[in-house]
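Okay, structure first, notes after.
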Amino acid sequence: MTALSSTGSSPTDVLTEGLFQVQHQALLSTILNGISEGVIIADASGHLLYFSPNAHKLLGTGPTDMAPENWSAHYGVFCADTRTLCPSERLPLYRALQGEETPEEELFVRNPHLPNGQHVHASARPVRDEQGKLLGAIVTLRNTQGQRQAEANQRRTEQHFQLIVEAAQEGIWTIDTEQRTTYANRFLANMLGYTVDEMMGRHINDFMDEESHVAAASNLAQRRQGVADVHDFKLRHKEGRPVWTMLSSNPMYDEQGRFTGALAMLTDVTRRRAAEEEVRQLNAQLEQRIAERTAELEYSNRELEAFAYSVAHDLRSPLRSISNFTQALDEDYGDKLDSIGHDYLARMRAACKRMSELIDGILALSRVNRTEFVETEVNLSALAHSVSEQIQRWQPERSVRFTIQDGLVDRGDAKLLRGVLENLLGNAWKFTRNRPQAEIEFGSTLAEDGKRRVYFVRDNGAGFDMAFQNKLFGVFQRLHTQQEFEGNGVGLATVQRIIRRHGGTIRGEGRVGHGATFSFSLHDPSPTPPGSEPGLIN
């Protein structure tokens, strides 16, 4: 133990007899020297009686005989700002010797022995006897350099994050369990037209309309359950206008895991919402215009079909008269006509027959849309067998092999689907008549998506040039001359209309001299719903 005395008494005697009255001097010395803090003991006159090794280390030098008024200058004791010399009268040991009970101070020591200096915390207390007489004082010194460095680092980190938060182009908002604002960055405040101080402590309902109150309470309830969420949320500007935000919210907890509130990141999406609303309105207007235009087209088609049906129906009578009169002319006055006259009459009768077939085609095409659509389970395989047998009875002398896949059942209108097979199988029969061994097949396969069924009628007949594929389903459009193959150019148009009434599609593929394949599907994912079929002119 190190001690100073002007009376010749050892420091141990002074401590034993005066301040501590401890019998075991070695134990006292060991305890004081082992304390991690620096310890200095002075008598009532300011004479330094004890100076621990750690005190020597913290102050850079040992005890001095200088008067207490010179302690600061001797030891190089500065205020916490590290620049201002601390008056000796402000030192805790000095103040304790003046009777102040528990003075303490944050100090900075820098002297030749500690050129870089270090921060220390000094705490003192007076020592009195049983009668309250001041015997001296004791001061403890604690190195706070590491603590202050850690605090400085923490402050720098906090300042760094504070700068990041304040510079963020997003609103940052924290609230407590009572939904009151505990933090708002400047960007959020500016977004809502407030200052940060105006927002602090206020309930979140102050920044939204009543419509959003329930949603806000529900959101906080989810945060209490530990659920994070991202959604659009409407706030209210200080001026009263709505501010739409994309809000990303997360729960907050303290060190014990208790819920303390919520943190939200907010992005202003008012412009995006306005643009989306404008698009919705434009779409609504477009849909309305489409609906109106569709209604107009449907009305026009109905009018056109009614007109075509009426015209076609009314043409039957005069056409029949022309045909009958040409026949009567041939029968009654044939002996008065030469070969050219008879040829003219034959051409007139052929033209009447051709026109009659066209009228029949127009009426059949018109009936497709005028017929009520009755959907049932239809056995397409059975229909194909029935149609093929009917066709074969027309020309039993022909050698035609029909291959019909069994078990093909689908939903549709049985009468209309029979019309499809009559036309497609009838065409295959017609265009294979020049083949010594005609092949006609009806079957199905899966579409490319592996889900939809696609039906087909395939033949090895005359085929067609794919360059004219776009004319296949047009009304009165034919890819072969009347001299090659008879027909009125209405059959495939009728087939297409029936397929569309079933919500499906049809396409044809062929090669001149190598046959043709017509594939169709029913009930496609994006079908034409029954009742919205195209008109007569397609």
Side-chain angles (χ1 to χ4, degrees), residues 312 316 319-320 323 327 346 349-368 371 378-406 408 412-444 455-464 472-473 475-499 506 508 510 512-520:
R316 281 180 176 277
L319 186 63
R320 190 180 302 112
S323 178
Q327 184 175 355
R349 284 196 297 271
C352 288
K353 180 181 178 183
R354 170 69 175 158
M355 190 167 185
S356 179
E357 290 174 352
L358 291 176
I359 291 173
D360 289 341
I362 291 174
L363 294 175
L365 185 63
S366 179
R367 279 194 293 269
V368 171
T371 302
V378 181
N379 189 326
L380 297 176
S381 298
L383 279 182
H385 279 293
S386 174
V387 171
S388 66
E389 292 170 2
Q390 174 185 315
I391 293 175
Q392 286 177 310
R393 283 196 293 269
W394 296 344
Q395 293 177 293
E397 72 280 3
R398 282 189 57 183
S399 175
V400 179
R401 182 170 66 185
F402 280 92
T403 303
I404 297 174
Q405 182 178 341
D406 291 325
L408 300 181
D413 185 292
K415 290 183 179 179
L416 293 177
L417 290 177
R418 182 180 181 88
V420 169
L421 293 178
E422 285 178 344
N423 275 284
L424 294 181
L425 292 174
N427 278 352
W429 176 272
K430 176 170 62 176
F431 290 111
T432 57
R433 69 185 178 196
N434 296 328
R435 290 283 184 267
Q437 179 60 53
E439 300 280 348
I440 299 175
E441 180 183 3
F442 172 65
S444 73
Y455 303 98
F456 63 85
V457 173
R458 181 182 296 129
D459 65 63
N460 65 339
F464 60 88
L472 280 175
F473 303 102
V475 179
F476 305 135
Q477 297 287 334
R478 305 192 71 243
L479 304 187
H480 300 274
T481 65
Q482 191 71 20
Q483 289 72 27
E484 291 179 298
F485 297 99
E486 70 281 358
N488 54 28
V490 178
L492 288 180
T494 302
V495 169
Q496 185 186 56
R497 181 169 295 190
I498 293 173
I499 296 301
I506 183 169
V512 176
H514 292 79
T517 300
F518 286 87
S519 304
F520 64 91

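- Here the CZ atom belonging to Phe520 is positioned 10.0 Å from the CD1 atom belonging to Ile498, to the nearest 0.5 angstrom.
- No side-chain N or O of Trp429 forms a donor-acceptor pair with one of Gln392 less than 3.5 Å apart.
- For Asn460 (side chain) and Gln437 (main-chain N/O), a donor-acceptor pair under 3.5 Å exists by modelled atom type.
- Distance CD1/Ile391 to CZ/Arg398: 9.5 Å, rounded to 0.5 Å.
- A distance of 6.5 Å separates CD1 of Ile499 from CG of Leu417, quoted to the nearest 0.5 Å.
- In this structure, Phe518 and Phe464 have tilted ring planes: the angle between them lies in the 30° to 60° band.
- Here Phe442 contributes atom CZ and Ser381 contributes atom OG; the two are 6.0 Å apart, rounded to the nearest 0.5 Å.
- When every heavy atom of Gln327 is checked against every heavy atom of Arg349, the shortest pair comes out as CA-NH1, 4.3 Å.
- The structure places CD1 of Ile506 at 7.5 Å from CD of Gln496, a figure rounded to the nearest 0.5 Å.
- Atom OG1 of Thr432 sits about 4.0 Å away from atom CD1 of Ile440, to the nearest 0.5 Å.
- Between Asp459 and Glu439 there is no side-chain heavy-atom pair separated by less than 4.5 Å.
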May I have the step-by-step check of side chain to side chain donor-acceptor pair (under 3.5 Å) for Thr403 and Arg458, ending in yes or no?
-> CA-CA 10 Å; Thr403 303; Arg458 181 182 296 129; over 6 Å; no
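- Counting heavy atoms from C-beta outward, Arg433 and Gln395 have side chains that stay 4.5 Å or more apart.
- Judged by distance alone, the side chain of Ser388 and the main-chain N or O of Ala384 form a donor-acceptor pair under 3.5 Å.
- Counting heavy atoms from C-beta outward, Phe402 and Glu441 have side chains that stay 4.5 Å or more apart.
- Exactly one of Asn423, Leu383, Leu380 qualifies for a side-chain contact (heavy atoms from CB on, under 4.5 Å) with Arg418. That residue is Leu383.
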